[in-house]
Amino acid sequence: MRTTTLIPRRIATTGITVLGAAGIATAALTGTAHAAPQTAKPAAKVLSADSATAAEYVATQAAHAKAAKDGKDGKKAEDYPDNLDGWIREAMSIMKKHGIPGSYDGIKRNIIRESGGDPGAVNDWDINAQKGIPSKGLLQVIQPTFDQYHVKGTADKLTDPVANIVAACNYAADRYGTMDNVDSAY
């Protein structure tokens, strides 16, 4: 059993006004918290704004905005913000229509773990990437899985945030019962 002795640290008052509360908290907590060792994996690759995928993403978002404003049944469709909260809520609305289970919290938890909320995230290090099929998007889906579990009515692009969420949740429902049951890479 390993024991650790914590040594109290003093906080110098000089510069506290510059640092503010965050600086004080950081200085006070430095060296006192201990986390269990974790196996780190490389962060997902973020695509640059001038990449083709980024351009596709922008075009897809414009299409989403137009579809949301037009509405398919003559009624004004709900407007969803173009952010993680809006993408999850829009995806859940589509999932509800198709009987795909999943809670807001379960979806968000998995998104944060898989991509940090970045719809342009690309995993270029795992076994799928080594085989030439990198995981992409909010829930790090590979193209064959996206193609198999894509839900009609969502964009046909793997990196589209809403389509990525719905396809991943459809896959998770088929394999694990619901995205809520997924607690690690899937």
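Since this is a predicted model, take the numbers as computed values, not measurements.
The nearest pair of heavy atoms linking Val182 to Tyr176 is CG2-CD1, 3.6 Å. In this structure, Pro101 and Ala173 approach most closely via the heavy-atom pair CD-CB, 3.7 Å. The two residues Phe146 and Ala163 make their nearest non-hydrogen contact at CE1-O, 3.6 Å. Contact record, Cys169 with Met95: CB-CE, 3.6 Å, taken as the closest heavy-atom pair. When all heavy atoms are compared, the tightest approach of Asp160 to Ala155 is CG-CB, 3.6 Å.
A donor-acceptor pair is defined here as one N or O able to donate and one able to accept, closer than 3.5 Å; no such pair exists between the side chain of His150 and the backbone of Val166. One N or O on the side chain of Gln140 and one on the backbone of Ala121 form a donor-acceptor pair closer than 3.5 Å. With hydrogens and angles disregarded, a donor-acceptor distance shorter than 3.5 Å links the side chain of Asn110 to the backbone of Gly106.
The distance from atom CG of Leu138 to atom CD1 of Ile111, rounded to the nearest 0.5 Å, is 5.0 Å. Here CD1 of Ile88 is found 13.5 Å from OG of Ser93. Values are rounded to the nearest 0.5 Å. Between atom CG of residue Asn170 and atom CD1 of residue Ile165 there is a gap of 13.5 Å, rounded to the nearest 0.5 Å. Between the NZ atom in Lys136 and the CD atom in Glu114 there is a gap of 16.0 Å [rounded to 0.5 Å]. From Ile127, atom CD1 reaches atom OG of Ser135 across 11.0 Å, with rounding to the nearest 0.5 Å. Expressed to the nearest 0.5 Å, how far CG of Asn128 lies from OG1 of Thr145 amounts to 7.5 Å.
The closest side-chain heavy-atom distance from Val141 to Leu158 is below 4.5 Å. The closest side-chain heavy-atom distance from Met179 to Leu139 is below 4.5 Å.
Residues that satisfy the side chain to side chain contact (heavy atoms under 4.5 Å, CB included) test with Asp174, not counting sequence neighbours, are Tyr149. In terms of the side chain to side chain contact (heavy atoms under 4.5 Å, CB included) criterion, residue partners of Arg89 (sequence neighbours excluded) are, by chain and number, Glu78, Tyr80, Pro81, Asp85, Tyr104. Gln148 pairs by the side chain to side chain contact (heavy atoms under 4.5 Å, CB included) definition with nothing, not counting sequence neighbours. Not a single side chain to side chain donor-acceptor pair (under 3.5 Å) links Asp105 to another residue, sequence neighbours left out.
Ile142 forms part of a hydrophobic cluster together with Ile133, judged by ILVMFWY side-chain heavy-atom separations under 4.5 Å.
Counting only residues at least two apart or on different chains, the salt bridge (Lys or Arg N to Asp or Glu O under 4.0 Å) pairs with a member in residues 176-185 are Arg109-Asp183.
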